[in-house]
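Below: the structure, in structure tokens.
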Amino acid sequence: MTVTARLLLQAALLLVLLASPRNAVEAKGPNRKQRKAEAREKAVKFANMKAAGQDQVSMTKEAAELRSYELRKKKRKGILKRREASLAQVLFPGASPEEYHDREAVPAFVELVESKKTQLPFEFYDLPTCPEPAEKIQKRFRHRRNLGSRLMGHKLQMAPYAFPTKVSKPCTPLCVVEVAGKKLRWLRKLVDRQYRVHLTVDQLPVLMRSKELNYAVRGYPVGFKAPPSYTGLKEDEFYLYNHLKFTITYREEPAEFEGVRITGFDVHPVSIAHQFGDGTVDLETNLEAAGKKDGWSTCSPGGDSPVNEPETYLALRSGATGETMKILYSYEVNWIDSDIPWADRWDVYLVGSPDDEIHYFAIVNSLMIVVFLTGAVATIMIRTLKKDIAGYNEMQTLEEAQEETGWKLVHGDVFRPPQTHPMLLSVLVGTGAQIGSAFFITLLACMLRMLNPIKKGTALTAVIVLYVLCGGVGGYVSSRLYKFCDAKSWKRCTIATAIAFPGLIVSMIMVLNVFLTIVGAATAVSFLTLLLVFLMWGCVSTPLVFVGSYFGYRAEKVTVPTKTNQIARFVPEVPYYAAPPASVLIAGLLPFGSVCIELFFIMSALWLHQLYYIMGFLMAVLLILVATCAQVSVVMCYLQLCVEDHRWWWKSFLNCASSGFYLFLYSLWFLSSKLDLVGVLPVVVYLTYMSMISIAFGLMCGTVGYLSCFWFTRKIYGAVKVD
């Protein structure tokens with residue numbers, strides 16, 4: 001054998017070995033059994049770490065590993081094949097890290113001062129604090145305010161603190177503010193109602209975290225309240241946090257990128273009554289910018305860092321003779337190098353949040369309702385209806401036809417247009433179609449990552465803009481239905497479709513806005529924003545409604561398979577539980593039940609300031625809701641027709657629209673059990689917004705029920721032979 005032949009034979013044998021199943025598996029990676037073994041090892045390892053007292057919130061390597069393991073199910077992307085990803089990719093797809101060079105100024109921004117006890121946020125500079133810096137925001141950090149952020153009160157404002165990259169600072173005096181009278185009482189009220197200040201650096205919200213207590217919470221409180229048992233006084237005492245200890249963690253990897261990337265932003269607030277010197281100090285001026293760092297024994301460049309001591313707490317009270325209270329605000333900064341990657345810096349913000357399995361259980365719960373209803377509808381459509389239709393079509397003699405019973409008896413009245421308020425019904429169905437279209441497209445845009453969740457208010461802006469652009473849908477649907485009712489006031493119907501629901505919502509917002517303006521809340525909408533909403537309503541939405549109505553009236557009338565009798569058939573009496581309002585309330589339970597679990601997380605995100613980012617789950621719940629409404633409506637319509645009641649128009653709408661009523665009842669339960677609102681106006685704000693949401697939810701569900709019934713009746717009566 002030649003050398004060439006020997007080499008070819010060895011190469012062939014090598015290829016055979018490489019192509020063997022064993023090597024293919026090894027090349028592919030660990031098999032299922034190996035992955036299970038690795039998962040068990042990790043579970044034991046991290047269980048031992050938790051048993052040993054390892055926290056999940058600090059910036060150590062061990063805490064980061066434990067966090068990553070606890071959040072492993074959230075760090076997955078995809079629908080069928082879920083692949084590993086970081087939380088930065090899941091929460092903010094497309095976001096890229098910012099690199100900062102040594103001593104480069106890192107801008108800090110102030111957000112709303114909020115409280116879970118009230119729904120009345122305030123701007124940071126409404127508080128008696130240091131003035132806003134004069135420098136402008138750099139172009140790369142500037143964000144244009146959208147409509148949603150204006151309605152929510154968000155405004156991009158520079159914080160009075162300076163954070164040069166990798167420059168740690170000792171206690172640094174910032175400014176002196178005098179507080180007395182009404183302002184002092186208001187500050188005490190903010191402390192009593194547990195308001196928290198929110199700051200961001202490099203798009204990271206500031207965190208208060210405790211390694212010992214294993215907790216991390218966004219923002220820091222304005223102050224704290226001490227009971228008489230602690231202070232020895234006759235009443236509660238209020239203290240102000242006027243010194244902030246900032247800790248910024250960063251990562252440097254010269255081989256991967258230039259500069260540093262910020263991976264954490266923490267604060268530890270301190271209440272301290274600073275000792276003033278003999279010199280005079282200008283009020284509300286930036287002492288750091290002016291270079292005035294001396295004159296305070298409790299905050300000197302070479303002194304000790306302020307700490308929380310009961311003897312030095314800063315009490316919010318004026319002097320014995322009523323003189324004003326002087327407050328010195330100060331801060332310090334500590335930069336710490338960390339090994340935590342930039343992509344994992346969001347992990348700590350989701351520690352303790354509900355697991356995705358709960359959302360899966362919610363969807364399974366909803367699917368069980370859908371499966372039950374699908375079985376009921378299948379029984380009606382396949383067994384009962386098929387048998388009925390076959391029996392009706394086989395009737396030959398007049399005597400047999402006269403003895404017919406069931407839903408065929410009302411074939412001459414089932415498509416009789418509603419005798420009560422046909423215009424109102426057409427307007428409600430058209431408005432519901434417009435709302436549903438806008439909400440569906442918004443969710444679709446969120447799933448396709450077309451909306452940037454980093455920019456506040458984008459989802460609300462998308463809902464409003466898409467509702468305006470879907471005006472043609474509302475006009476078309478309402479006009480088609482109104483034309484079917486043989487009504488003549490088409491102009492009035494079109495105008496009502498254009499102004500009814502938006503007019504109601506805008507009126508409620510304007511009345512509420514008066515009270516929000518009186519108390520100075522940040523959510524009070526400005527005149528220019530209201531003018532913009534009116535222009536969108538009057539110049540975009542209303543013309544689109546008229547365009548849709550034009551095409552709806554130009555289209556042919558909806559055809560039905562049976563002729564309507566001249567005289568309406570007598571409707572027999574039915575039991576009370578089969579007639580409104582009992583039947584309406586019973587029917588609305590199932591659509592609401594299909595979304596009630598997911599609704600809790602949405603309400604928590606709206607009113608308890610929690611994160612909600614799983615739009616795929618929300619889209620699945622929406623589709624389940626639509627299927628449930630359609631099936632409930634079909635079942636109720638069939639049962640109604642079987643008792644010879646042909647007045648299904650309004651009932652088909654109200655059967656599913658009553659889900660909005662249950663949503664409002666759920667909001668009352670959420671208010672009483674989960675919220676601890678203080679005062680009348682916060683409760684009014686909450687109930688006003690929840691009533692808006694409940695109305696929109698009811699209109700959307702009612703529209704699905706109505707259109708499903710219309711399709712169902714046309715199908716079943718088109719399948720029978722009617723003389």
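Everything numeric here is computed off the predicted structure, so don't read it as measured data. Computed over heavy atoms, backbone and side chain alike; hydrogens, waters and symmetry mates excluded.
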Inset, instruction - Evaluate side-chain contact (heavy atoms from CB on, under 4.5 Å) for Tyr161 paired with Thr172, printing each intermediate quantity in order. - result: CA-CA 10 Å; Tyr161 315 104; Thr172 304; over 6 Å; no
Whether the side chain of [X] engages the backbone of [Y] through a donor-acceptor N/O pair (distance < 3.5 Å, no angle test) should be reported.
{"X": "Thr442", "Y": "Ala438", "result": "yes"}
{"X": "Asp102", "Y": "Val260", "result": "no"}
{"X": "Trp335", "Y": "Pro164", "result": "yes"}
{"X": "Asp339", "Y": "Lys61", "result": "no"}
{"X": "Thr249", "Y": "Thr247", "result": "no"}
{"X": "Arg188", "Y": "Leu316", "result": "yes"}
{"X": "Thr129", "Y": "Tyr125", "result": "no"}
{"X": "Arg145", "Y": "His154", "result": "yes"}
{"X": "Tyr349", "Y": "Pro205", "result": "yes"}

How many angstroms lie between atom [atom1] of [X] and atom [atom2] of [Y], to the nearest 0.5 angstrom?
{"X": "Phe265", "Y": "Leu204", "atom1": "CZ", "atom2": "CG", "result": "8.5 Å"}
{"X": "Leu174", "Y": "Leu328", "atom1": "CG", "atom2": "CG", "result": "8.5 Å"}
{"X": "Asn242", "Y": "Tyr313", "atom1": "CG", "atom2": "OH", "result": "12.0 Å"}

Inset, instruction - Could you please spell out the steps behind the side chain to side chain donor-acceptor pair (under 3.5 Å) verdict for His243 and Ser271? - result: CA-CA 6 Å; His243 177 80; Ser271 177; over 6 Å; no
Assess the side chains of [X] and [Y]: does a donor N or O sit below 3.5 Å from an acceptor N or O?
{"X": "Ser330", "Y": "His274", "answer": "yes"}
{"X": "Thr461", "Y": "Thr458", "answer": "no"}
{"X": "Ser305", "Y": "Glu332", "answer": "yes"}

Inset, instruction - Take Arg261 and Glu98 through the salt bridge (charged side-chain N to carboxylate O under 4.0 Å, His left out) test and state the conclusion after the steps. - result: CA-CA 6 Å; Arg261 292 178 178 177; Glu98 290 279 353; over 6 Å; no
Legend entry - Check: Phe163 ring centroid to Phe246 ring centroid under 6.0 Å: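 Yes, ring centres under 6.0 Å apart.
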Legend entry - Check: Phe439 ring centre within less than 6.0 Å of Tyr467 ring centre: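 No, the ring centres sit 6.0 Å or more apart.
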Inset, instruction - Decide salt bridge (charged side-chain N to carboxylate O under 4.0 Å, His left out) for Asp192 and Lys225; before the verdict, give the C-alpha distance in whole Å, the side-chain angles of both, and the deciding distance to 0.1 Å. - result: CA-CA 7 Å; Asp192 185 36; Lys225 179 174 68 172; 3.0 Å; yes
Inset, instruction - Might you work through the salt bridge (charged side-chain N to carboxylate O under 4.0 Å, His left out) test for Arg196 and Glu114, ending with a clear yes or no? - result: CA-CA 5 Å; Arg196 303 184 71 86; Glu114 299 174 318; over 6 Å; no
Inset, instruction - List the steps and the verdict of side-chain contact (heavy atoms from CB on, under 4.5 Å) for Leu184 and Met325. - result: CA-CA 8 Å; Leu184 181 60; Met325 174 185 176; 4.1 Å; yes
Legend entry - Ionic contact status for Asp676 with Arg193, cut-off 4.0 Å: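 No, Arg193 and Asp676 are not salt-bridged.
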Legend entry - Salt bridge present between Lys166 and Glu252 (N-O < 4.0 angstrom):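 Between Glu252 and Lys166 there is a salt bridge, with a charged N closer than 4.0 Å to a carboxylate O.
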Legend entry - More than 12 heavy atoms from other groups under 6.0 Å of NZ on Lys169: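 Yes, the 6.0 Å shell around NZ holds more than 12 heavy atoms from other groups.
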Inset, instruction - Let me see the working for Thr118 and Tyr195 under side chain to side chain donor-acceptor pair (under 3.5 Å), right down to the final yes or no. - result: CA-CA 9 Å; Thr118 72; Tyr195 273 82; 2.7 Å; yes
